[in-house]
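Structure record follows, encoded as C-alpha cells.
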Amino acid sequence: MSTQDTRRAGGKPPRRGRPAADPKKSSVRLVDDTKHPENEVREGAGERAPWTLDDAAELYNINGWGEPYFRINAAGHVEVRPDPRLDRAIDLYELISDLKARGLDLPLLIRFSDILHDRIRRLNESFARAIAEYNYAGEYRGVFPIKVNQQRHLVEEIIEYGRPWKYGLEAGSKPELLVALAQNQDPGGIIICNGYKDRQYIETAILAQQFEKTVIIVLERIEELDIALEASARLGLEPVLGVRAKLTAKGVGRWAESAGDRAKFGLTAAEIVEVIERLSDKKMLHCLQLLHFHIGSQISSILPFKQALREAGHIYVEMARMGCNMRYIDVGGGLAIDYDGSKTDFHASKNYDEQEYAYDVVSQIQEACSRAGLDVPTIVSESGRAVVAHQSILVFEVLGTSEFPIEDPERPAPDAHPVIKHLYEAWENVSERRVQESWHDALQAKEEAQTIFRLGYLSLKDRAVAERMFWSCCGRILRMIRTLDFVPEEVQDLEHLVASIYYCNFSVFQSAPDTWAIDQLFPIMPIHRLEERPTVRATIADLTCDSDGQIDQFIDVRDVKRSLELHPIHAGKPYYLGLFLNGAYQEILGDLHNLFGDTNAVHVELSKDGYNVAHVVKGDSVGEVLHYVQYVPDDMVEKVRRQAERALRRGRIRVDQLRLLMKHYEDSLDAYTYLSDLSEDTPT
Ligand SMILES: *Cc1c(COP(=O)(O)O)cnc(C)c1O
C-alpha cells in the first residue's frame, strides 16, 4: 500500500460509538414518526406541519456537504449539477432509470466527469488567485496522487482537464510510476516519485527525465540516496532529487502519525544534512531541488497546515543556504472534504476551504523566502481526496427490511403470568415526566422475563408475548422522547435499539471499505421520495454474511447518528439509496469479501442536450471473481455436471431438472456478482 501512511496500521480500530466529547454534540436529533398516528394524538404530539423539500434537505444536510453539486429538485429527487457554472442539472433518479433501461444493473457507481473537471479547476484557480493576490513571483503546479484513484478512465480525464494548468501526477510506488509515465505524455509535465524505491524504480525515473518532463525522485529513506547515486553514475545522467522531511508538526485525527519522529516516511533533520553533505562531496548538490512534506490525509483543521508550513519554510530556507539548488516546495496532500457538511474541525468535516488553504500555503512560503532574501519556489501540492471524492456516487437498492413490531399491547388475561402483567403495567405507566424511570421499569421487567424463562417457568409463547410488550414500551417511550428537548443519555440509545434494518444490494467491503476499516462517514440518503416524510429509522446491512457488513453511523450536523431516516418500502417499487463523496480511496481498497466483485461503473458527462454516457465499465462477473482466487470456471462446470449425471443415473433428479441446474450454474458464472431480477423499475 504505497504511501497510504498509517490509515490501516493495526487492523480494524474499535467502533467509535457515540463520541462522548464530540465537539458537535448537543442532544439527539428529533425526528417524528408517523407510523402510529393514533398514538401520537393521544401522546399530545399535536398537529405537525406538512413535510417539505426543505425539511428533507435539512435532515440529510445535502446543502452542507453537497454544495455546489448536489441538491433536491422539485420532483423530490436528488439532482446533480456537474458543472456549477452552468444552469444544468441531471436528475439522479431518472438517470438511474435510464441506465437500468440500458441493462446496467445496480449497484452502480456513477462518475460525473464534469465534477472532476470542476474540482481540478477550483484547486488550480484557488492557487492562481492566491498567487495573484500576494504577487507571488512563482508558479503553482498541482499533481494528482494516483493512489487515491487509479482507474484509467479517471486518470485520463485528470490529465485532459488538468492540461491548461500543466497538472501533473504523483506516484507512490513503481506500478504507479509506470502509470504516470504512460499517461502523462505532455512535455513539461511534472511527475513526483514518492514511496519506497528500488533500483529499477529509480533508474526508470532518471531515464524518463529525458522525455522533456520533470521527474523528481523524492528521497523517503536515506538508503535511496545510495541507489540514486549509483544509478546516476551507471547511466551517466543526473537525477532531479527531493527530500521528504519528517516534520515535528503533526496532523490531526486518524493520520496524525504521518508526521513526527515516528513517521513511517521521511528524513530527519540529521538525515537531510547527511544527504546535503554527501551530494556536495560528489559535486551534485545542484540536483537537490525539492522539499516535500505530507502531514496526513483529511486534515480537518487549518492549524496543522499552518504549523507544518512554518516548519517546512524554515527547512527550505536552510537547504537553500546550504547550497541546494532549491526550486520546488511540495506541500503534500491532506486537503479535507466536508463529508458531514458541518464546517467544523470534526474528523468527517473541515473548518476551511481550498481558497483559504491556498492563501496560507502561498503566503507562508512567500514570507519565509522574503525574510531570507530568496527567490520563491514553484509550489507543488498533492491533493487527492479533495480532487476526486465528489465525482462519484454509488447507487444501490433496498432489497427488504426487518422491523421491530411496535404495537399497543393487549391487556393480559387475569390468569396471565405475573411477569407479563408487570410489563403491561410498565407500558401503561410510561409518562413524559418520568421517561427515565419508565425505561428502567421496562428493562427490569424484560430481564425478569428472561430469567424466569431460563429457569423454565415461562413458556416460549409467553416469552414471545413479553418480548413484544417490551418493544411496545420502547415504542411508547421513543415517541415521547422525540418531542422532548432534553433526552437523558441512557435513553438516547433507544432510537438505535429499535431501528429497522434495511438490507441492500451492495457490499460495504467492496464499495465503501473505509466505513468498515476506519469508521469513515459518507453522506447516504434516498435519491427519490424526498417530498415524502421519512418515517422509519434504519441501519443499513449489505449482502455479505459478515456482521461487519453494515452501516450504523451516519452523518449529522450536530453528532453522529446511529440510524438513518428512511421511507417505508413498497412492494414492487424500487427504493434507491445514494452513497456520496466516495471517489477517493474506496475503489482500490475495496475487496472481494464473499466474492462480491467490482460494481458496474459509468462515466456521465454533460452534453448539449442532456448527458452522454461516455464509458461503461462492466463490473466483475462471478466467473472473473472466481478466477482471481484461482478457480477455473470450466472445470467447476465439469465437476458439477458429473455429480448431476450421477444423480440422474440414480434417479434422484429428472433430465429437465439436470438441465435447469446446469443452466443456473453456467449462467451464474457469467452474471454480475450482486443480486439481479429485482423489482421491475416503475418510475414514480
Ligand atoms: C496519500 C498521499 C497524498 C494524498 O493525500 P490526500 O489527503 O488524499 O490529499 C499525497 N501525498 C502523499 C505523499 C500521500 O501519501
Side-chain angles (χ1 to χ4, degrees), residues 96-111 151-153 394-400 503-513 541-549 571-577 586-603 613 615-682:
I96 291 295
S97 307
D98 234 39
L99 293 170
K100 282 185 76 172
R102 291 167 200 222
L104 287 162
D105 286 329
L106 302 188
L108 194 50
L109 187 78
I110 308 169
R111 300 201 184 101
Q151 301 292 326
R152 173 170 62 87
H153 295 298
L394 180 80
V395 179
F396 52 95
E397 208 159 6
V398 176
L399 298 167
Y503 298 96
C504 300
N505 192 19
F506 81 122
S507 157
V508 163
F509 303 94
Q510 173 62 241
S511 294
D542 76 359
L543 284 181
T544 67
C545 54
D546 188 318
S547 51
D548 272 348
K573 299 245 176 181
Y575 186 51
Y576 300 133
L577 301 181
Q586 303 315 296
E587 285 183 60
I588 205 70
L589 289 174
D591 62 42
L592 299 173
H593 195 10
N594 267 154
L595 301 182
F596 289 109
D598 274 346
T599 64
N600 288 326
V602 294
H603 286 243
V613 178
H615 309 285
V616 172
V617 185
K618 282 293 257 182
D620 290 318
S621 69
V622 174
E624 282 168 315
V625 168
L626 289 170
H627 210 89
Y628 297 148
V629 280
Q630 275 77 48
Y631 291 93
V632 180
D634 284 350
D635 291 355
M636 295 167 70
V637 171
E638 248 342 277
K639 285 175 179 154
V640 171
R641 185 185 302 285
R642 276 203 296 273
Q643 295 176 73
E645 290 291 345
R646 191 164 12 159
L648 180 70
R649 280 198 305 277
R650 297 190 178 163
R652 299 174 70 90
I653 56 171
R654 298 188 309 262
V655 69
D656 58 320
Q657 291 171 329
L658 176 146
R659 192 175 62 228
L660 182 65
L661 172 64
M662 292 317 298
K663 180 170 162 38
H664 280 329
Y665 198 90
E666 291 180 69
D667 288 354
S668 297
L669 286 169
D670 289 332
Y672 201 21
T673 55
Y674 297 88
L675 300 201
S676 49
D677 296 324
L678 299 171
S679 49
E680 276 313 301
D681 187 1
T682 36

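Position 1 is the first residue of the sequence; numbering continues from there.
- Counting only heavy atoms from C-beta outward, the side chains of His615 and Gln151 never approach each other to under 4.5 Å.
- Note on Glu624 versus Lys618: no salt bridge recorded, every NZ/NE/NH1/NH2 to OD/OE distance being 4.0 Å or above.
- Annotation: side chain of Leu595 is not in contact with side chain of Thr673 (no heavy-atom distance under 4.5 Å).
- In this structure, the side chains of Leu592 and Gln510 come closer than 4.5 Å at one or more pairs of heavy atoms.
- Between Leu577 and Val398, the closest side-chain pair of non-hydrogen atoms falls below 4.5 Å.
- Around atom OH of Tyr628, more than 12 heavy atoms belonging to other residues, nucleotides or ligands sit under 6.0 Å away.
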Practice prompt. Dump the intermediate steps for side-chain contact (heavy atoms from CB on, under 4.5 Å) on Ile96 and Leu106, then the final yes or no.
Written response: CA-CA 9 Å; Ile96 291 295; Leu106 302 188; 4.2 Å; yes
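- Other residues, nucleotides and ligands contribute only 12 or fewer heavy atoms inside 6.0 Å of the NE2 atom of His664.
- Salt bridge present: Asp98 and Arg102 bring a charged side-chain N and a carboxylate O closer than 4.0 Å.
- Leu669 places a side-chain heavy atom less than 4.5 Å from the side chain of Leu626.
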Item to complete: Apply the test side-chain contact (heavy atoms from CB on, under 4.5 Å) to residues Leu108 and Thr599: give CA-CA distance (whole Å), side-chain angles for both, the deciding distance (0.1 Å), then the verdict.
Response: CA-CA 6 Å; Leu108 194 50; Thr599 64; over 6 Å; no
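- Below 30°, between 30° and 60°, or above 60°: for His593 and Phe509 the angle between ring planes is above 60°, a perpendicular geometry.
- The shortest non-hydrogen separation linking Pro513 to Ser511 is CD-C, 3.5 Å.
- In summary, the aromatic rings of Tyr674 and Phe506 are positioned with their centroids too far apart to meet the 6.0 Å limit.
- Taking the side chain as every heavy atom from C-beta outward, Leu99 and Asn600 never approach each other to under 4.5 Å.
- Residues Val508 and Asp548 form no side-chain contact, since every pair of their non-hydrogen atoms from C-beta on lies 4.5 Å or further apart.
- The side-chain heavy atoms of Tyr672 and Pro107, taken from C-beta on, include a pair separated by under 4.5 Å.
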